[in-house]
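Okay, so here's the structure we're looking at.
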Amino acid sequence: MDTGKDVDVCVVGAGPVGLTLGIALRRLGLRVRIVDEAPAAKHEARSLVLWARAREALDALGVGELLRCHGVELDAVTIHARDRFLGELTTGWALSAHARPLNIEQHDIERLLCEELARLGTRVEWDTELTDVELHQDRAEFTLLHGDGGGIESAAAPWTVGCEGTASVVRDRLGIAFEGRRRTGLQAVQGNARPTWPLGARPGRGHIFLAPHRSLLACPAALGVLLDRLPALGRGARPAVEVEYAPDWVFHGPARLRLS
C-alpha cells in the first residue's frame, strides 16, 4: 500500500473524481496516495446517473462492466400529471457503446472504485484532512491532520491534486476562485424508498410526476426505486403518490408524501 513516503501523486478527496483519478494513475504505474477528511465512505443517497461519456471513460479504466453489473440501465421514463399519462421519453439515442444512462447510486460507485483502487495497491486514508499545501518548483509540500489522535503529518509529493469539492484547500492555495453560485429557491430531497403504486416495477422504466411548482422523479435502482423531489413539498401539500418506508431502505424526507 502506498503511504505518505515516496509517492508521485497525492490526491485529496475520495469522491468519484478522486477515486477515478487514483485508478487511472495506478494503471499508469504511478505511486498514489489518496486522503479524505471524512471518517469513512458515504452511505447516504446522493447522485444517481452515469451518462454515456462518463461510462466510456470508466470503461477505459477497466471498471465500466463492474459498475454496470451493480446498476440498472434506464430505457424509458413515463410522464404523469394529475393522474393522467402525458407521454414517454425513451433513451438509447446516444451515439455511444453506452447509449442508455446507468442508474447506480454514488455511494455504490465509490465503494466499487475504492475496492478496485485497493486491488491496485492503494487504500483510501480516511479521517485525514489536508490543512495546508505549499508549492515549489519540483514538489508540493502539504500538511495532513489525522483523526483519532493520529497527529499532524508533513509530507511532500511531486504532484498534489485537489478533488475535494467546493471548499478545496488546494484550489484556495492556488488562488483559483470557485465561480459557481448557490441557486436560490430550489430544494431537492433524494432518498431510497419502496413505492406503493399500481405502476409496476419494470426494470429500466422510470416515472416523472408533474405538479405546479414541484415534481417528483422516481427511477429504478439496483435494489429498488430512488425518489427525487424538486422542490421539497410545502406544508399542506396533498399527494397523489404515496411512499412508505421498507426495511433496509432509506428515504430522506417525510415517510408519506403526495403531489397534488
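All of these numbers come straight from a predicted model, not from anything done at the bench.
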Quick check on the hydrophobic clustering: are I23 and L66 connected, directly or via other members, by side-chain heavy-atom contacts under 4.5 Å?
yes
Is it the case that the side chain of R26 and the backbone of L120 share a donor-acceptor pair, with hydrogens and angles ignored and the cut-off at 3.5 Å?
yes
Given side chains that start at C-beta, do those of L117 and I34 come closer than 4.5 Å, heavy atoms only?
yes
If you take all heavy atoms of S168 and G162, which pair is closest and at what distance?
OG-CA, 4.4 Å
Side chain R171, main chain T166, donor-acceptor under 3.5 Å
yes
Go through it in stages, so that I can follow the logic: the residues are V35 and V11, the test is side-chain contact (heavy atoms from CB on, under 4.5 Å), and I'd like the CA-CA distance, side-chain angles, deciding distance and then a yes or no.
CA-CA 6 Å; V35 301; V11 178; over 6 Å; no
Using the side chain to side chain contact (heavy atoms under 4.5 Å, CB included) definition, which of the options D108, I109, I104 pairs with H70?
I104
If you compare all heavy atoms of L67 against all heavy atoms of L102, which two are closest, and at what distance to 0.1 Å?
O-CD2, 3.8 Å
One pair to check against salt bridge (Lys or Arg N to Asp or Glu O under 4.0 Å): R173 and E134. What are the steps and the verdict?
CA-CA 8 Å; R173 298 302 186 270; E134 184 177 341; over 6 Å; no
Can you get from L135 to V169 by hopping between Ile, Leu, Val, Met, Phe, Trp and Tyr side chains that sit under 4.5 Å apart?
yes
What pairs meet the salt bridge (charged side-chain N to carboxylate O under 4.0 Å, His left out) rule with one or both residues in residues 8-23, with sequence neighbours excluded?
D8-R31
Taking C-beta and beyond as the side chain, do L89 and I79 meet within less than 4.5 Å on heavy atoms?
yes
Please tell me whether V77 and L86 are part of a single hydrophobic cluster in this structure, the criterion being side-chain heavy atoms less than 4.5 Å apart.
yes
So, does R27 use its side chain to make a donor-acceptor pair with the main chain of L61 at under 3.5 Å?
yes
Strictly distance-based, threshold 3.5 Å: is any side-chain N or O of T91 a donor or acceptor partner for the main-chain N or O of D75?
yes
When clusters are formed by joining ILVMFWY residues with side-chain heavy atoms under 4.5 Å apart, either directly or through shared neighbours, do V17 and I176 land in the same one?
no
Please say yes or no: joined through hydrophobic side-chain contacts below 4.5 Å, possibly via intermediate residues, are W159 and V124 part of one cluster?
yes
Side chains of T160 and V12 in contact at under 4.5 Å (non-hydrogen atoms)
yes
Is there a side-chain contact between S47 and E105 in this structure, where contact means two heavy atoms from C-beta onward sitting under 4.5 Å apart?
no
Beyond-backbone contact of P101 with E73, side-chain heavy atoms, under 4.5 angstrom
no
Would you say that P158 contacts V9 through its side chain, given a criterion of any heavy-atom pair below 4.5 Å between the two side chains?
no
Does a side-chain N-to-carboxylate-O contact under 4.0 Å join R205 and E88?
yes
Fellow cluster residues of I152, listed by chain then number, with links counted only when side-chain atoms sit under 4.5 Å apart:
L145
Whether D36 side chain and A14 backbone form a donor-acceptor pair below 3.5 Å:
yes
Pairs satisfying ring pair (Phe, Tyr, Trp, His ring centres under 6.0 Å), at least one member in residues 77-101, at least two apart
H80-H207, H80-F209
State, without any angle test, whether T122 and R33 hold a side-chain donor-acceptor pair at a distance under 3.5 Å.
no
So, E56 and S96: side-chain donor and acceptor under 3.5 Å apart, yes or no?
yes
